[in-house]
Amino acid sequence: DAGVIQSPRHEVTEMGQEVTLRCKPISGHNSLFWYRQTMMRGLELLIYFNNNVPIDDSGMPEDRFSAKMPNASFSTLKIQPSEPRDSAVYFCASSLDGSGGGLYQPQHFGDGTRLSIL
Amino acid sequence: ILNVEQSPQSLHVQEGDSTNFTCSFPSSNFYALHWYRWETAKSPEALFVMTLNGDEKKKGRISATLNTKEGYSYLYIKGSQPEDSATYLCAFISAVTGGGNKLTFGTGTQLKVEL
């Protein structure tokens, strides 16, 4: 069975450029999560969706970050403009939760996107 | 910001030792607690989801207990093996009125099992 698929695996770009990270959740899963992992702050939840609707975006650091989930099988996390401090590993995860995003079920993580902003 | 703490931060044990570590979380508004295992250069892998006070879960040599009244969960590994070397993360889920509960990860316990 295909797991959570993220692309690209690695991204290196210059400060000021737009960055788009992509995620395909496990088929049938209805909750999707975006995380950022840094040495300083560990694993932080940025945003999560349930049934394609954003439930909690309080972890999104600032207006430069935006996330969309246009359908049940695809989500994007966009950073515009990017800054060196955005360099991190970004994980996407999905789970099969009840309506309203109860977070009652284990999450399945993708392999992550390692982002470097120069 | 919810305070979810894991201790110890890191741990070195010998093969065959049994070990345990702690996840501490707020004792109010508890909804669920997740445990994940995260090997270097891989992605986190779910171990347990715990929801009831007094819950005990087991998977092979790994088990976990939950005390929601005092706000802690223990993860135990019996007879540690080198392949158990990983970072073990807990994630605390707090209930939010109206749904869409809040998730906060701890910073993890890094376990190294040596031969």
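A, B, ... follow the sequence lines: proteins, then strands. Residue 1 opens every chain.
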Could you please spell out the steps behind the ring pair (Phe, Tyr, Trp, His ring centres under 6.0 Å) verdict for A:F91 and A:Y35? CA-CA 5 Å; A:F91 285 99; A:Y35 291 94; 7.9 Å; no

A:R85/A:E62 salt bridge by N-O under 4.0 Å criterion: yes

Sort by residue number and list every member of residues 108-118 of chain A having a non-hydrogen atom under 4.5 Å from chain B.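 Near chain B, by residue number: A:F109, A:G110, A:D111.
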
Any luck finding a side-chain donor-acceptor pair between B:T19 and B:D17 under 3.5 Å? no

Do B:N67 and B:Y72 meet the criterion of a side-chain donor-acceptor pair at a distance under 3.5 Å?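 Present: a donor and an acceptor within the cut-off.
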
Just to verify, what does A:F49 make a ring pair (Phe, Tyr, Trp, His ring centres under 6.0 Å) with, not counting sequence neighbours? none

Part of residues 32-52 of chain B lying next to chain A, heavy-atom separation under 4.5 Å: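 Residues B:A32, B:H34, B:Y36, B:W38, B:K42, B:S43, B:P44, B:A46, B:V49, B:T51 are the ones that qualify, each having a heavy atom under 4.5 Å from chain A.
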
Kindly check if the number of other-residue, nucleotide or ligand heavy atoms within 6.0 Å of [atom1] ([X]) is above 12?
| X | atom1 | result |
| --- | --- | --- |
| B:Q9 | CD | no |
| A:D63 | CG | no |
| A:E44 | CD | yes |

For the backbone of B:S18 and the side chain of B:S80, can you confirm whether one donor and one acceptor N or O come within less than 3.5 Å of each other?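 Flag not set: sc B:S80 to bb B:S18 has no pair under 3.5 Å.
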
A:L45, part contacting chain B, at a heavy-atom distance under 4.5 Å: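 The answer is the side chain of A:L45.
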
All side-chain contact (heavy atoms from CB on, under 4.5 Å) counterparts of A:E14, not counting sequence neighbours: A:Q17

